[in-house]
Each structure stands twice: as structure tokens, then as C-alpha cells.
Amino acid sequence: KALCEYSNCLLLLPPSNIAMRRDVQEGQARCLSRLGRHKEALDIAEKMRNGATNTDHLTTVLNLQFAIYQGLENVEKKITCLQQLICLHPFSPWYWKLLAEAYMSLLQNLSPLVIPATNLNQSEEVSVSDSSFKTSTGREINLQPHRSDSQEEGPWSSLAIETKRENAVTCRSSQAVKEFLCTSEEPERMDEGKHAASESWEQNTSKKVGIKACASFIRARLLLQLTQLQQSSFVLESNIKGQKEIDDKVAQLGFNGNSLLLMTKVMGQDLIPEKLKEEFQGEVKCIGPSALSSLVTASATEFEMKWFGNLQDDLCHFDRQFYSDIYLPPLVT
């Protein structure tokens with residue numbers, strides 16, 4: 001019924017009433033998506049994107065496409081939409097949190113064999129001087145997440161349990177995840193992956209996706225902490241709830257204290273007051289469609305190299321520590 005109402009309304013609107021037509025078209029697309037007619041919904045979203053003339057238009061379209069792909073349970077496309085939204089709004093904690101959760105979904109879609117059950121006790125100690133981080137604003141931010149029960153059981157145990165519950169995931173979807181992960185790697189690493197054993201490739205890929213998920217969660221938490229003092233009422237409650245959820249997820253990923261400290265420094269190095277003011281004042285850039293497309297990253301590789309490339313390189317010297325964290329002792333015979 002809602003779809004019929006939107007369709008009838010669109011017929012009554014003159015072509016000159018662009019703003020109202022965009023609102024009605026968005027309503028049509030969301031109805032079609034709820035009805036399972038995802039292709040028609042995506043067609044409308046694409047037409048809206050081609051007609052976008054400012055950053056607000058593009059943000060609306062990307063949010064719409066994200067909602068449609070969420071209905072399709074297409075993790076790869078969801079990640080692409082979120083990466084483009086972050087290109088427009090790099091200081092939005094909620095987009096970073098959603099991106100981290102999408103990377104976690106990729107981890108769960110990988111084989112349970114590459115998600116080891118480990119003991120984190122040996123890597124939990126961080127010196128007091130390293131337990132906090134000062135952003136460019138000069139504000140000190142606590143790095144220590146809340147300890148959860150899942151952390152005592154091992155950093156990957158919750159993921160392993162959730163993965164085992166997802167037995168309904170088909171081979172085709174698993175293959176799609178692998179193909180997406182391959183396209184987001186650097187070409188030379190792709191070539192190496194093709195010739196490597198499947199299990200070794202999956203372990204390496206699992207580690208890289210885990211770094212991206214954890215780094216995204218950490219940036220989201222930094223942004224939430226920076227805005228917390230300016231908030232009150234239900235907005236503050238949502239902020240605190242989001243931070244708690246992030247703490248729990250970071251604990252599940254099980255990176256040691258030194259790695260978390262490094263991720264925090266790298267993901268927070270651009271957090272300065274002027275940039276944050278620009279983001280939260282919501283300036284709308286009115287430019288043409290071609291110029292708008294240049295604002296969003298063309299590929300996952302470009303986005304991930306910008307945000308995670310240096311981080312992954314810097315974490316290389318922690319590899320021995322990382323592998324000691326995920327080492328599985330041999331079975332006693």
C-alpha cells in the first residue's frame with residue numbers, strides 16, 4: 001500500500017520539484033527493498049545517485065544503497081557503501097562502527113578453522129604510561145577496554161562460536177567473500193595468495209581483516225569519546241552504549257596492548273578541533289555529479305591503503321608477538 005501511495009504521489013509531482021521527487025523516490029526504493037524487489041530498488045537508487053548535486057544527496061543515496069544491501073545480506077557491497085560514506089564523513093563515529101561490524105561479518109564468513117581459540121593472558125600487560133593516548137586536541141583518552149567474559153575464554157572464541165552457528169552460509173557466499181577480499185589486496189599480494197595454500201591464505205586474510213575491524217572500532221571509539229563531553233540526555237546514552245559495544249568487540253578480537261596502542265595513535269592522528277567542527281557543522285558542498293564522484297574513493301584498495309596501509313606496515317614488527325598470541329599448542333599425546 002505504501003509503495004502505491006509513493007508511486008501515485010510521484011506521478012503528481014512536476015519535474016521541477018526535484019527535492020520532493022527525491023524524497024518520494026527514496027520512499028519507493030525502501031518499500032521495494034522491504035518487499036524483496038531489490039533490483040528495482042537499486043535501479044531507483046542509481047538514478048538518484050546520477051542526479052545528485054551535493055554531498056547531502058550523495059549521503060542519502062549511499063545510506064539507501066547500504067540499507068538495500070543489508071536486506072540482501074551482501075557484506076561486500078555494504079563495506080563499499082560505508083567506505084564511500086566515510087570518504088564524505090571521516091569523523092562520523094557511527095559509519096566507522098558500522099564498517100568495523102561489516103569487517104567482523106567477513107571474519108565470521110571465513111572458515112572456522114582459521115579462527116583459533118587462544119589465551120590472551122600472556123599479552124594483556126601494558127605499562128601505565130602506555131594505557132592512555134593524547135589526540136591532537138590534547139585530550140587524553142583511555143585505551144583500556146572493559147574486560148569481558150569472552151576475553152577470558154580467548155579473543156577469538158566468541159567469533160568461533162558465532163561462526164559455527166552460521167552453518168547455513170553457502171559455498172557460493174563464502175567464495176564471494178574470498179573474491180572480494182582478493183580484490184581489496186594489493187596486486188602483488190594477490191599473486192602470492194593465488195599460489196599459496198588455501199589454509200595459509202585464509203589465516204593471513206583473517207589477520208588482515210581483523211586489523212581493519214579493530215582499527216575501525218578504535219577510531220569510532222575515539223570519535224565518540226571526543227564528542228561525549230558535548231552531549232547529554234539520550235544522545236549521551238547512545239554514545240556510552242556505543243562505546244561499551246565497541247569495547248566488547250575489541251576484546252573479542254584479542255589484539256595485545258601494544259598493538260591496540262599503535263592502532264589508537266594511527267587512527268587518531270588527524271583528530272584536530274578544526275576538522276571536527278567542520279564535520280559536525282554539517283557543511284553541504286553543492287557541486288556537479290562528476291565532481292561528487294571524485295569525493296568518494298574509487299575502490300576498496302585505495303580506501304584501505306589510505307586508512308590501514310601504514311598501520312599494517314607498522315604492525316609488521318609486532319608479527320612475532322601476534323603469532324605468539326594466536327599460537328595453538330600441540331595436542332598432548
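Heavy atoms of other residues, nucleotides or ligands lying less than 6.0 angstrom from CD of Gln231 number more than 12. Within 6.0 Å of CD1 on Ile18 lie no more than 12 heavy atoms contributed by other residues, nucleotides or ligands.
Under the 4.5 Å side-chain contact rule for hydrophobic residues, Ile68 and Leu99 do not share a cluster. There is a path of hydrophobic side-chain contacts, each under 4.5 Å, that joins Phe303 to Ile211. Taking hydrophobic clusters as Ile, Leu, Val, Met, Phe, Trp and Tyr residues chained together by side-chain heavy-atom distances below 4.5 Å, Val209 shares a cluster with Ile79. With hydrophobic clusters built from ILVMFWY side chains whose heavy atoms lie under 4.5 angstrom apart, Phe217 shares a cluster with Leu98. Under a hydrophobic clustering in which Ile, Leu, Val, Met, Phe, Trp and Tyr are joined whenever their side-chain heavy atoms come within less than 4.5 Å, directly or via other members, Leu82 and Leu64 fall into different clusters.
Among the candidates Lys97, Lys241, Arg221, the single residue satisfying the salt bridge (charged side-chain N to carboxylate O under 4.0 Å, His left out) test with Asp247 is Arg221.
Counting heavy atoms from C-beta outward, Met263 and Phe308 have side chains that stay 4.5 Å or more apart. Within the 4.5 Å cutoff, the side chain of Phe66 has no heavy atoms near those of the Tyr95 side chain. Counting heavy atoms from C-beta outward, Leu271 and Phe91 have side chains that approach closer than 4.5 Å. Contact of the Tyr69 side chain with the Thr80 side chain is not registered, since no non-hydrogen atoms from C-beta on lie closer than 4.5 Å. Annotation: side chain of Leu32 is not in contact with side chain of Asp43 (no heavy-atom distance under 4.5 Å). The shortest distance between side-chain heavy atoms of Leu262 and Asn258 does not fall below 4.5 Å. With a 4.5 Å cut-off on side-chain heavy atoms, Lys77 and Gln65 do not count as touching. In this structure the side chain of Ile86 never reaches within 4.5 angstrom of the side chain of Ser92, judged on heavy atoms.
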Applying side chain to side chain contact (heavy atoms under 4.5 Å, CB included) to Val250 and Phe255, what does each step give before you reach the verdict?
CA-CA 8 Å; Val250 169; Phe255 286 92; over 6 Å; no
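Looking at Gln228 and Gln243, their side chains do bring a donor and an acceptor atom within 3.5 Å of each other.
Interatomic distance, Leu311 CG to Lys208 NZ, rounded to the nearest 0.5 Å: 13.0 Å. Summarising the geometry, atom CG belonging to Leu12 is positioned 10.5 Å from atom CZ belonging to Arg21; distances are rounded to the nearest 0.5 Å. Rounding to the nearest 0.5 Å gives a distance of 12.0 Å between CG of Leu223 and CD1 of Ile218. Summarising the geometry, atom NZ belonging to Lys1 is positioned 12.5 Å from atom SG belonging to Cys31; distances are rounded to the nearest 0.5 Å. Rounding to the nearest 0.5 Å gives a distance of 10.5 Å between CG of Leu58 and OG1 of Thr53. The CG atom of Leu42 lies 8.5 Å from the CD atom of Glu46; values are rounded to the nearest 0.5 Å.
Between Ala220 and Ile246, the closest heavy-atom pair is CB-CD1, 3.8 Å. Looking at every heavy atom in both residues, Gly71 comes nearest to His38 through C-NE2, 4.0 Å. Across all their heavy atoms, Gly210 and Leu107 have their closest contact at CA-CD1, 4.0 Å. In this structure, Cys214 and Leu260 approach most closely via the heavy-atom pair SG-CD2, 3.6 Å. Considering every non-hydrogen atom in both Trp94 and Ser238, the closest pair reads CH2-O, 3.6 Å. The shortest heavy-atom contact between Ala52 and His57 is CB-CB, 3.6 Å.
Formation of a donor-acceptor pair under 3.5 Å by the Asn239 side chain with backbone atoms of Leu224 is found in this model. The backbone N or O of Leu85 sits nowhere less than 3.5 Å from a side-chain atom of His89 that would complete a donor-acceptor pair. Between the side chain of Arg49 and the backbone N or O of Val61 there is no donor-acceptor pair closer than 3.5 Å.
Partners of Gln70 by side-chain hydrogen bond (donor to acceptor under 3.5 Å, both in side chains), not counting sequence neighbours: none found.
A salt bridge links Asp248 and Lys244; the closest N-O separation between the charged side-chain nitrogens and carboxylate oxygens is under 4.0 Å.
Ring-plane geometry between Trp307 and Trp96 is classed as perpendicular, the angle between the planes exceeding 60 degrees on a 0 to 90 degree scale with a lower cut at 30.
Under the side chain to side chain donor-acceptor pair (under 3.5 Å) criterion, the residue pairs touching residues 25-37 are Ser7-Gln28, Glu26-Arg30, Arg37-Glu40, with sequence neighbours excluded. Residue pairs that meet the salt bridge (Lys or Arg N to Asp or Glu O under 4.0 Å) test with at least one member in residues 78-96, sequence neighbours left out, do not exist here.
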